[in-house]
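I have placed the structure first, in the form of structure tokens, so that the comments after it can refer back to it.
One-based numbering, in listed order, for ligands and for the atoms of each. Please read all numbers here as calculations on a predicted model, not as lab measurements.
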Amino acid sequence: MSGVWAIVVAAGRGERFADGAHDIAKQFVELDGVRIVDRSVDAARRSCDGVVLVLAPGVEWDGAPVEAVVAGGVTRSDSVRAGLAVIPHDAEVVVVHDAARPLAADAVFGAVIDAVRAGSDAAVPALPVPDTIKRVAGERVIDTLVRDELVSVQTPQGFRAAALRDAHAASGEASDDAALVEARGGVVVVVEGDPDNFKITTPRDFVVAGALLEARRPERI
Ligand code: CTP
Ligand code: MG
């Protein structure tokens, strides 16, 4: 199968989420009755021809069928590389998605895939930054950044398959994959992100995501 493949990275430990209330990694916690990882895998399955799921070593997959399950690494970038290693060679577009973003809409997947098909090396969903951002060293403010030039970015991030392979060939580390493509001079573009597509990082995020899903329930409309 060629076309568009997804790598869903779900091999993290969720340390910022761990608050004693849950004894499993955040991606395996249920959000409105469905595990976070299942929501993310389903979103990837809806928009892509194949899905590679990256789990922590030793974790068995018991969710919906995916084309491959592989063991992740110590860092997120290591986990993406583990997934990339089993993506078919004839894949044209690879979409990398955080399992920890359970509310990613199909439209966001579609937008990054379309932007790559239109010729970019990579496409990332972006949102304007509402707060003023300052650079600090300890408690001392060093600089105030020009907010109009800033965006915050999400996953799914779409890539021309060869561009993502080249970017990861040097075993680089970055908090997102697009940064590795940028570092090699690749053309990375932004598409419209979705405020609901935030990453579940802390217990507070989990509460907010639950409230959003509750508000979306049809019986409330
Ligand atoms: N991830 C991964 N492999 C790692 C680290 C992270 O597959 N070695 C995945 C996480 O499972 C998550 C996504 O990358 O879906 C984004 O990472 P993050 O939100 O930082 O999750 P964790 O690393 O699990 O959380 P924390 O940093 O708080 O420990
Ligand atoms: Mg992390």
Side-chain angles (χ1 to χ4, degrees), residues 5-31 34-48 50-64 66-87 94-105 108-109 112 122 124-127 152-159 164 167-168 171-181 193-210 212:
W5 279 67
I7 300 170
V8 178
V9 282
R13 295 159 57 99
E15 283 171 358
R16 287 168 290 178
F17 185 81
D19 61 352
H22 302 105
D23 57 0
I24 48 175
K26 62 186 180 184
Q27 57 272 31
F28 289 97
V29 174
E30 283 187 7
L31 186 59
V34 180
R35 295 183 305 185
I36 288 171
V37 65
D38 293 316
R39 292 179 180 277
S40 303
V41 166
D42 281 352
R45 277 160 41 97
R46 283 196 299 274
S47 293
C48 303
V51 174
V52 173
L53 177 62
V54 186
L55 295 176
V59 175
E60 298 275 317
W61 179 236
D62 57 359
V66 292
E67 278 60 34
V69 178
V70 298
V74 174
T75 68
R76 184 184 180 283
S77 296
D78 289 335
S79 293
V80 173
R81 280 189 281 275
L84 200 47
V86 302
I87 293 282
V94 178
V95 177
V96 181
H97 186 46
D98 292 330
R101 296 183 190 269
L103 303 185
V108 179
F109 275 87
V112 297
V124 302
L127 289 174
S152 64
V153 305
Q154 310 177 321
T155 75
Q157 299 192 344
F159 300 88
L164 187 63
H168 275 289
S171 300
E173 287 299 324
S175 58
D176 79 344
D177 303 283
L180 299 175
V181 175
D194 177 354
D196 288 0
N197 180 29
F198 57 86
K199 184 160 64 67
I200 307 280
T201 303
T202 65
R204 179 185 182 281
D205 299 323
F206 182 71
V207 173
V208 174
L212 283 169

Region of [X] engaging ligand 1 - heavy atom pairs below 4.0 Å:
X    : value
K26  : side chain
T201 : neither
R13  : backbone
D78  : neither

(request) Please work out which of A10, A56, A100, G14 has its closest non-hydrogen atom nearest to atom 25 (O) of ligand 1. (result) G14
(message) Could you report the tightest heavy-atom contact between G172 and S77, atom names first, then the distance?
(response)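 Looks like O-CB, 3.5 Å.
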(request) Please name the pair of heavy atoms, one in Q154 and one in F198, separated by the smallest distance, quoted to 0.1 Å. (result)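 Scanning both residues, the minimum pair turns out to be NE2-N, 4.5 Å.
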Contacting atoms of ligand 1, where contact means under 4.0 angstrom from a heavy atom of [X]:
X   : answer
E15 : 25 (O), 26 (P), 28 (O), 29 (O)
Q27 : 11 (O)
S79 : 2 (C), 3 (N), 4 (C), 7 (O), 8 (N)
V74 : 8 (N)

(request) May I ask you to decide if A10's main-chain N or O and Q27's side chain share a donor-acceptor pair within less than 3.5 Å? (result) yes
(request) Can you measure from CD1 (I200) to CG (D98) and round to the nearest 0.5 angstrom? (result)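 Answer rounded to 0.5 Å: 11.0 Å.
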(request) Report yes if V54 has an N/O atom closer than 3.5 Å to an N/O atom of ligand 1; otherwise report no. (result)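 Checking ligand 1 against V54, no N or O pair falls under 3.5 Å apart.
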(message) Tell me whether T75 reaches ligand 1 (any heavy atom closer than 4.0 angstrom to a ligand atom).
(response) yes
(message) Yes or no: does G72 have any heavy atom under 4.0 Å from an atom of ligand 1?
(response) no
(request) May I ask you to identify the nearest protein heavy atom to atom 20 (O) of ligand 1, giving residue, atom name and distance to one decimal place in Å? (result)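 Looking at atom 20 (O) of ligand 1, the protein heavy atom closest to it is R16 NH2, 2.9 Å.
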